[in-house]
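Got a structure for you, written out below as structure tokens; questions coming shortly.
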Amino acid sequence: MTAVISASHLSKYYGNVLGLNDVSIEIEAGITGLLGPNGAGKSTFMKLATGQMKPDIGTVAIRGRRTWNAPEIFRSVGFCSEPDAFYEDMTGLEFVAGLLRFYGFSRKEIGDRAARALDIVGLTGDRDRLVRGYSRGMRQRVKFAQAIAHDPEILILDEPLSGLDSLGKRKLIKLIKGYREEGRTVLVSSHVLPEIEALTSRVVLVHQGRILAEGDVPYIRELIEAHPHQVSVRSSDPRRLAARFVDDPAVLKMTFGGDGRTLVVETRKRDDLFERLAPAVLEAGIEVEEISSPDDNLEAVFKYLVGA
Amino acid sequence: MRLGSAVRETFGFFFTLGRRTGRTRTFALLGLVPVAMAVAARAILHGRTGDLAAVSTEILMVFFLQFYIVILALFHGTSITAEEVENRTLSYLLTRPIPKTAIVLGKFSAYAALMSAMVAVGLGASYFVLNAGRMGDAALYAAFFRYLGVLGLGVLAYTAFFAFLGTALKRAIIPGLAFGFGWETAIQYFPGSTQRFSVVHYLKSLLPYRPGSGGGRGVALLLFRLEPTSPALAVLALLAITAVFLALACAVFRAKEYVSGD
């Protein structure tokens with residue numbers, strides 16, 4: 001299959017700060033998820049891919065055409081940026097229709113396309129309200145509408161689900177999946193694994209400007225499962241609780257918190273540990289105040305994967 | 001999309017948007033200050049025409065020529081790129097199938113049209129209030145259109161210069177203020193050809209009266225130390241300033257990448 005978006009040894013610096021480091025990737029038709037914590041380089045990659053920034057080293061191309069100063073590629077590309085930024089003094093309809101002016105459509109077609117895009121994202125009833133009066137979810141949807149209004153073959157979406165409620169997320173996920181069914185290419189970024197998981201099984205892990213891993217979701221899950229998790233239990237008697245887990249094969253290490261009430265257990269098998277924790281607490285007759293996973297986040301997983 | 005069509009569409013987009021912004025409303029109100037001044041002057045003059053009206057007209061022109069069009073052009077010109085970067089809306093424009101040059105030229109045209117309209121309303125209202133006693137005099141209208149033309153050329157030249165500053169510098173307002181109200185104010189009173197290194201020199205050279213001609217009755221504020229360039233050359237110089245700085249702004253905008261704070 002031919003790559004729709006391709007990058008070769010792509011690097012970008014913000015002064016002395018590394019934004020993207022020697023990234024080589026080929027993105028094919030279908031949905032590809034860019035997954036990484038905030039500041040990982042996802043937005044930088046998308047800005048380079050959409051020609052908003054110029055690579056310092058390497059190349060990035062869409063259908064073989066380098067993207068810097070190549071506006072013609074945007075006939076077939078729709079971009080939804082991450083910042084919550086708009087021309088606030090326009091209505092939703094004016095905003096979408098205004099941006100459609102740049103494609104050479106007739107006035108009637110602009111009106112029809114704008115109305116259709118707003119209908120798709122469920123903003124028909126609010127299309128004549130000023131964008132500044134929209135809720136966060138509505139603003140996210142109108143931003144998506146401007147990206148799809150010209151019916152692009154390639155969609156590049158930077159954190160499109162952020163700010164949406166769960167119903168809005170579900171609707172947008174369904175919509176994005178519909179683009180895959182039509183054989184289009186969607187590159188979507190998120191820092192939330194379940195969001196990416198709901199959209200696609202093809203994931204690229206990005207961290208500190210580098211591609212850490214590429215593969216399907218089960219493979220990424222495997223990597224994440226291998227990450228040692230910390231489980232913190234605050235209870236009336238952490239020492240008695242620790243005694244219960246001394247010989248537990250799932251436990252790698254145990255430490256006591258400075259407050260004298262917290263036991264921190266490190267494990268590679270978090271689910272197994274949780275399974276045994278409840279009976280152990282009951283049998284020991286210990287009063288548990290709080291159970292938490294302080295490193296149960298993507299940042300910790302990435303740190304583990306890069307060996308930090 | 002071809003450059004001409006892209007400029008036209010960019011113009012339409014920003015002309016529509018520009019009419020609604022708080023900045024436009026604020027500057028439109030500022031443009032009405034001379035109208036209030038004209039009404040006050042008219043009341044003081046009790047409808048008399050002649051030298052006092054001419055002096056008042058000249059004071060109005062000082063306001064428009066040396067303050068209003070400079071401040072208008074400074075805030076509109078520098079914002080052509082700066083507001084897109086600061087408001088993080090630039091990606092909406094950069095991801096459309098239009099040349100980057102069209103963004104600069106389209107926004108420049110839209111803002112120049114808006115500014116010209118503001119100047120025309122402010123100048124027209126104040127000028128005709130002040131000269132209401134001479135409405136039958138054809139020379140009054142000729143002078144008005146000449147004033148308007150001078151200010152229009154000033155809007156173009158200053159906006160092009162400030163557009164260039166805005167594309168090239170991250171914070172262009174301070175250097176713009178220094179140029180508009182420092183350099184432009186000081187250099188015009190220098191003797192000899194030095195004053196030709198200012199925009200305002202060419203604008204003053206186009207006024208309907210010239211030093212020693214008996215025009216500029218009254219205090220001749222605008223003619224002080226002026227060693228005028230011929231009107232034809234002045235028009236050419238102003239158009240050249242506009243073209244050169246617009247071309248520079250387009251070249252910088254095309255080559256430079258703008259990173260928003262996100």
Side-chain angles (χ1 to χ4, degrees), chain A residues 12 14-15 17 19 38-39 43-44 46-56 67-91 94-105 107 110 130-132 143 146-147 150 152 156 158-159, chain B residues 1-26 79 81-107 110 114 170 250-262:
Chain A
K12 182 71 197 170
Y14 298 105
V17 179
N38 290 328
S43 294
T44 300
M46 290 188 157
K47 283 178 183 169
L48 287 160
T50 50
Q52 296 176 66
M53 292 200 306
K54 186 165 63 173
D56 289 320
T67 56
W68 174 250
N69 275 340
E72 61 281 2
I73 62 170
F74 294 107
R75 287 213 162 276
S76 57
V77 176
F79 177 63
C80 179
S81 63
E82 192 260 333
D84 182 44
F86 295 89
Y87 296 107
E88 304 275 356
D89 294 311
M90 289 182 146
T91 66
E94 286 169 338
F95 176 67
V96 178
L99 293 171
L100 275 170
R101 298 172 73 135
F102 301 116
Y103 294 87
F105 298 128
R107 288 287 174 266
I110 287 172
L130 287 180
V131 173
R132 70 165 70 253
K143 201 160 54 173
Q146 63 78 31
H150 59 290
I156 299 178
D158 197 356
E159 301 268 2
Chain B
M1 190 179 254
R2 284 174 184 278
L3 181 65
S5 312
V7 171
R8 195 177 61 239
E9 295 303 339
T10 313
F11 171 88
F13 185 86
F14 285 100
F15 188 74
T16 307
L17 188 62
R19 283 182 303 177
R20 299 176 187 174
T21 61
R23 182 181 59 201
T24 305
R25 280 193 291 268
T26 306
S79 74
T81 48
E83 70 183 356
E84 300 293 335
V85 177
E86 280 164 21
N87 299 337
R88 297 184 296 174
T89 47
L90 189 58
S91 69
Y92 292 120
L93 302 175
L94 292 182
T95 56
R96 305 293 143 185
I98 53 169
K100 285 181 180 174
T101 307
I103 297 170
V104 176
L105 295 179
K107 281 193 83 172
L114 283 169
K170 200 170 181 181
C250 290
V252 171
F253 187 65
R254 197 168 185 280
K256 192 174 169 183
E257 53 177 23
Y258 295 87
V259 180
S260 301
D262 59 277

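Proteins come first, then strands; the chains are lettered A, B, ... in the order of their sequence lines, and each starts at number 1.
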Exercise for review: Please tell me if the side chains of A:Phe95 and A:Lys143 come closer than 4.5 Å, counting only heavy atoms from C-beta onward.
Suggested key: no

Check your understanding: Of all of B:Leu94, B:Thr95, B:Thr16, B:Leu17, which one pairs up most often with chain A through heavy atoms under 4.5 Å apart?
Key -> B:Thr95

Review point. Would you say the side-chain atoms of B:Arg88 pair up with the backbone N or O of A:Pro83, donor to acceptor, closer than 3.5 Å?
Key: no

Study note, to complete from the structure: Given A:Thr50, A:Ile156, A:Ile73, A:Leu99, the one with more heavy-atom pairs under 4.5 angstrom with chain B than any other is A:Leu99

Study note, to complete from the structure: If one checks every heavy atom of A:Tyr14 against chain B at 4.5 Å, the contacting part turns out to be side chain

Practice item. Apply the side chain to side chain contact (heavy atoms under 4.5 Å, CB included) test between B:Ile98 and each candidate in B:Arg2, B:Met1, B:Glu9; give the one that qualifies. Key: B:Met1

Exercise for review: Specify whether A:Tyr87 and B:Phe13 have parallel, tilted or perpendicular ring planes, treating 30° as the upper limit for parallel and 60° as the lower limit for perpendicular.
Suggested key: perpendicular

Review point. Going from CD on B:Glu84 to OG on B:Ser79, what distance comes out if it is rounded to the nearest 0.5 angstrom?
Key: 8.5 Å

Check your understanding: Would a 4.5 Å heavy-atom cut-off, applied to side chains only, mark B:Leu114 and B:Phe14 as touching?
Key -> no

Practice item. With a 4.5 angstrom heavy-atom cut-off, could you sort out which part of A:Gln146 is near chain B: side chain, backbone, both or neither? Key: both

Revision key, fill the gap. Honestly, the part of B:Thr21 sitting under 4.5 Å from a heavy atom of chain A is both

Check your understanding: Do A:Phe79 and A:Gln52 touch side chain to side chain, with heavy atoms closer than 4.5 Å?
Key -> yes

Review point. Any idea how A:Tyr103 and A:His150 line up, ring-wise: parallel (<30°), tilted (30 to 60°), or perpendicular (>60°)?
Key: parallel

Review point. By number, which residues in residues 99-107 of chain B have some heavy atom less than 4.5 Å away from chain A?
Key: B:Pro99, B:Lys100

